[in-house]
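Structure first, then comments.
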Amino acid sequence: MRLIRKQRTAPVLREDRVTIQNGARVALLRYPALEETGIVNHCFSTRFGGVSEGIYASMNLNFTRGDKREAVEQNYRNLAEAMGVAYGKLVLSDQTHTVNVRKVTAADAGMGLTRPTEYTDVDGLITDVPGVVLVTSFADCVPLYFVDPVHRAVGMSHSGWRGTVGRIGRVTIEAMRREYGTRPKDLICAVGPSICADCYEVSGDVAEEFARAFSGREREILKKQDRLCPESGEQKYRLDLWRANEIVLTEAGVLPEHISVTDVCTCCNPDFLFSHRASHGKRGGLGGFLCLKEE
């Protein structure tokens with residue numbers, strides 16, 4: 001199956017197919033720019049390589065959509081094996097569209113997977129512990145990857161439209177600066193696979209929030225639609241979350257040449273990636289994974 005990409009001068013994401021011990025062929029997306037730091041292991045999952053069935057087929061990584069728990073757990077095992085990381089060292093977020101960021105330590109290993117979380121309302125995770133894998137969940141919202149090769153620290157955040165308005169990208173960078181001494185200019189970042197502007201239509205109230213939050217740059221991220229909503233007569237807009245998050249990162253001090261913006265839309269690829277909008281909510285979940293390599 002061919003992955004549909006938005007047109008760019010060159011692909012910024014690489015697709016890998018990894019055959020694991022049980023014979024499953026796990027498909028992963030990776031950023032060469034993050035790999036070139038030499039200190040991290042990362043990926044973004046796809047629908048391929050798991051054991052889930054029906055609307056969750058096959059690599060569903062979300063426990064809250066109605067899938068069998070044992071199937072989701074096996075999917076995480078498959079994914080961890082394909083990445084070459086320890087299943088018991090995965091740490092899951094508890095996403096509720098906040099801008100809360102948690103510092104993850106070795107004591108958090110397995111939370112959300114092998115044992116319950118001791119936290120709630122966490123949409124961002126940071127760590128400087130090698131081998132501990134940060135995991136966030138997606139199905140159209142924007143994954144944000146942060147790698148500090150100088151202080152050897154990483155961050156992984158979930159940025160939906162609320163998180164983008166709240167600038168969770170900047171909040172994550174500030175948390176890394178506070179905890180690890182991270183300087184924005186040293187960061188290597190990626191804006192991950194998510195819904196593109198061509199597919200993301202929003203209402204006027206959401207557009208107004210972005211116009212206020214990105215005052216002076218709203219034309220870069222919002223495009224008024226020619227048609228009105230047939231039911232309400234309300235004006236609709238196209239929203240570019242990719243560009244909005246790129247703006248958040250650059251305004252926080254990340255160098256533009258250190259940001260890889262995705263060329264893959266979840267909604268344009270419903271057979272390859274889970275998309276809430278394309279499936280009308282009948283779907284599983286994808287995962288963003290990031291860890292420091294162990295020595």
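Checked by atom type and distance alone, the side chain of N245 never pairs as donor or acceptor with a backbone atom of G169 at under 3.5 Å. Formation of a donor-acceptor pair under 3.5 Å by the S93 side chain with backbone atoms of G124 is not found in this model. A donor-acceptor pair under 3.5 Å links the side-chain atoms of N100 to the main chain of D121, judged by distance alone. Looking only at distances, a side-chain donor or acceptor of E218 sits under 3.5 Å from a matching main-chain atom of G216. The closest donor-acceptor contact from the side chain of S215 to the backbone of R212 lies at 3.5 Å or more, if one exists at all. Formation of a donor-acceptor pair under 3.5 Å by the R65 side chain with backbone atoms of G281 is found in this model.
Within the cation-pi definition used here (under 6.0 Å to the ring centroid, within 45° of the axis), R30 does not qualify as a partner of F289. Cation-pi geometry between R25 and F48 is not satisfied (NZ or CZ under 6.0 Å from the ring centre, within 45° of the ring normal).
Between T98 and D123, the side chains place a donor N or O and an acceptor N or O closer than 3.5 Å (distance only, hydrogens not considered).
For the pair R243 and E220, the salt-bridge criterion is met [side-chain N within less than 4.0 Å of a carboxylate O].
Between Y87 and T114, the closest side-chain pair of non-hydrogen atoms falls below 4.5 Å.
The aromatic rings of H158 and F138 lie tilted to each other, with the angle between the two planes from 30° to 60°.
Rounded to the nearest 0.5 Å, atoms CZ (R177) and CZ (R170) are 11.5 Å apart.
In the hydrophobic clustering of this structure, V248 groups with Y200; members are Ile, Leu, Val, Met, Phe, Trp, Tyr whose side-chain heavy atoms approach within less than 4.5 Å, directly or through other members.
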